[in-house]
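One structure below.
Convention: sequence-line order gives letters A, B, ...; per-chain numbering from 1. These numbers come from a predicted model, not from an experiment.
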There are 2 protein chains.
Amino acid sequence: MSLLKSKILVVASDLFQTRGINSTGVDTIVAVAGTTKMTLYKYFRSKEDLILEVLEKGHQDFQNWLNDKLTSSTKKPSEKLQKLFDFIEEWVTSPNFRGMGFIKASAEFPNEENPVHQLSSEQSRQFRQYISSLASEANIQDADGLALQLSLLFEGAVQAEQMKRGSGAMKYAKKAAKILIDGALTHTV
Amino acid sequence: MSLLKSKILVVASDLFQTRGINSTGVDTIVAVAGTTKMTLYKYFRSKEDLILEVLEKGHQDFQNWLNDKLTSSTKKPSEKLQKLFDFIEEWVTSPNFRGMGFIKASAEFPNEENPVHQLSSEQSRQFRQYISSLASEANIQDADGLALQLSLLFEGAVQAEQMKRGSGAMKYAKKAAKILIDGALTHTV
DNA sequence: AGTGATTTATACAGTTCTATATAAAATATT
DNA sequence: AATATTTTATATAGAACTGTATAAATCACT
C-alpha cells in the first residue's frame, strides 16, 4: 500500500475518533496528513469510501492483535475466556488506542440502510461471535448469551472511557466479566 | 411552554435520534414540525441551544419517569435495585422510546470542551450517581462500583438496541444485572 | 372591526463541505 | 538527460448549512 494512502488512513482514523466523523472535513484530513485533496481522491473514491476503509482497517487490526495474544497465551479454552478482558484492557489503555470505530460510527450513522452503519453493525456482530466461539470451546451452555453480556460490558466500558478518559470503567468491567464468566463456567455441560 | 416550541423539541429529538444530530439540518426540523426557521430561531438562540434543550428534556423525562416508577413500586431499597432494570427495559421497549440522548450525543461531539459533550457527560454521571444512591440505601459496600457496572450494562444494551432493534440485548443485560446485584447484596455491611 | 403580537413566506448573505478540473512541480524510471 | 508517473497548487462548481432580513399573512384580544 502506498505510503500516502496509509498516512491518510492513520490521520483520518485519528481525526474521526477525536473530532467525530461528520465534523471532520477532507480538507482537514489532507492538511494534517500533509498532502492534497487530489491525492486523497486518487486513493479513495469518496469520503464514505475512506470512512469504510478506516473502519475496516481498525477492526482487522484489533481482531488480529487480540487473536494473536489469545492464541499465544494459553491453549485452554476456559483460560482464553478469562484472559480476554485483560487483553482488551491492554488494548484500550495502550497509547495508540484510537477508540473502537464501530461503536462511534453506528452512533453517527443511525440509518440502518447506510453502508457505514451496516459495516459497524457487522463488525459488532463479528466481535460478539468471536467471544461466543471462545465460550463454546470452553463448553459453556449459553455461549451466545454470555458473549452478548460480555460485549455489553466491553462496549459500555469503551464508551465510558471515551466519554471521560481515565474513568476506571475497565477495571470494574473486568470484575463484572469475571463474575459472569465464573458463573457460566460452573454451569458447563 | 409554547405549543410550537414543544413541537420543535419533540420533532428535533426524533430526528436527532433517527438521523443523527449533525446530519439533521434546521430546515428539516422546521419542515417536519410544520413551521419556519424564523419561529425556531425565536425560541432557540442557535442549533446548539436546541440540541442542549432536547438533551435536557429527554434526560429529565427519563429520570422523572424512572424515579416515579421506583418510589411507587416498593419502599425496600434492595427491591428498588432489583426492579431498576425491569423499568429500564419497560422504558427502552416502549413505543415512544427515542433512545438515550446522552449516549449518542457524546459520540457525535467527542471534544470535551464542547457544551453538548459536557452536558451528556454530566447526565451520564447523574444517572450513575442515581444508581449508586439506590445501592447505598441497600447497604451495598462498593455502591459506586456496582453502579458503574450496572450503567455499563445499561449503556451497552441501549447501544446494542440502537444498533440493531430487537436484538434482545436487554434480556441478557437484565440477567447479568441480577447476578451482579445478588453478588453485591451478599457482601453487604 | 381594529390593534398588536405571532407566525409564515421568501430571499439571501456567508460559510463550509464534497468533489473535480487544470496546470505546474516533484519524483521515479529508463 | 528524457520520459512517464505521481504529487502539489490553486481555483472552482455545486450543494448544504446556519442564521438573518423583510414583508405579508394570520391570530388573539378588545
Side-chain angles (χ1 to χ4, degrees), chain A residues 1-56 101 104-105 107-111 113-117 119, chain B residues 1-56 101 104-105 107-111 113-117 119:
Chain A
M1 174 155 36
S2 154
L3 269 172
L4 273 171
K5 179 171 181 179
S6 59
K7 176 76 179 175
I8 290 172
L9 279 172
V10 168
V11 167
S13 173
D14 203 37
L15 290 173
F16 287 164
Q17 201 59 37
T18 54
R19 305 187 186 187
I21 301 175
N22 281 319
S23 304
T24 303
V26 288
D27 292 279
T28 308
I29 295 170
V30 297
V32 175
T35 180
T36 63
K37 270 194 287 192
M38 285 311 298
T39 305
L40 186 149
Y41 280 103
K42 186 194 167 189
Y43 292 114
F44 306 95
R45 206 175 304 168
S46 63
K47 188 189 173 183
E48 185 173 275
D49 255 44
L50 171 60
I51 299 170
L52 290 171
E53 283 207 37
V54 166
L55 277 181
E56 194 66 56
K104 272 192 183 173
E108 286 212 54
F109 300 88
N111 189 336
E113 284 158 33
N114 183 292
V116 177
H117 180 95
L119 178 59
Chain B
M1 171 153 38
S2 156
L3 269 172
L4 273 171
K5 179 171 182 180
S6 59
K7 175 78 178 175
I8 291 172
L9 279 173
V10 169
V11 166
S13 173
D14 203 36
L15 290 173
F16 288 164
Q17 202 59 36
T18 54
R19 307 187 186 186
I21 301 175
N22 282 318
S23 304
T24 303
V26 289
D27 292 279
T28 307
I29 295 170
V30 296
V32 176
T35 182
T36 62
K37 270 195 287 191
M38 286 311 298
T39 305
L40 187 149
Y41 280 104
K42 186 194 167 189
Y43 292 114
F44 306 96
R45 206 174 304 168
S46 64
K47 188 188 175 183
E48 185 172 274
D49 256 45
L50 171 60
I51 299 170
L52 291 171
E53 283 208 36
V54 166
L55 277 180
E56 194 65 57
K104 273 192 182 173
E108 287 212 53
F109 300 88
N111 188 336
E113 284 159 31
N114 183 292
V116 177
H117 180 96
L119 178 59

Tell me the interatomic distance from [X], atom [atom1], to [N], atom [atom2], rounded to whole angstroms.
X       : N      : atom1 : atom2 : result
B:Leu3  : C:dT8  : CG    : P     : 12 Å
A:Asp27 : C:dT20 : CG    : C1'   : 13 Å
A:Ile21 : C:dT18 : CD1   : P     : 12 Å
B:Ile29 : D:dT18 : CD1   : C1'   : 11 Å
B:Ile8  : C:dT8  : CD1   : P     : 9 Å
A:Leu40 : C:dT20 : CG    : P     : 11 Å
A:Phe44 : C:dT18 : CZ    : P     : 14 Å
A:Leu4  : C:dT27 : CG    : C1'   : 12 Å

Among [options], find the nucleotide with the atom closest to the side chain of [X].
X       : options               : answer
B:Lys42 : C:dT7, D:dG19, D:dT8  : C:dT7
B:Lys37 : C:dC12, C:dT7, C:dT10 : C:dC12
B:Thr39 : D:dT22, C:dT7, C:dA21 : C:dT7
B:Tyr43 : D:dA9, C:dT7, D:dT18  : C:dT7
A:Ser46 : D:dT7, D:dT22, C:dA19 : C:dA19
A:Lys47 : C:dT8, C:dA19, D:dT8  : C:dA19
B:Ser2  : D:dT7, C:dT7, D:dG19  : C:dT7

Ignoring hydrogens and geometry, is there a side-chain-to-backbone donor-acceptor pair from [X] to [Y] under 3.5 Å?
X        : Y       : value
B:Thr24  : B:Gly20 : yes
B:Glu108 : B:Ile21 : yes
A:Thr39  : A:Thr35 : no
B:Lys104 : B:Gln17 : yes

- Test: A:Lys5 cationic atom under 6.0 Å from A:Phe44 six-membered ring centre, within 45° of axis: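 Verdict for A:Phe44: a cation-pi partner in A:Lys5.
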
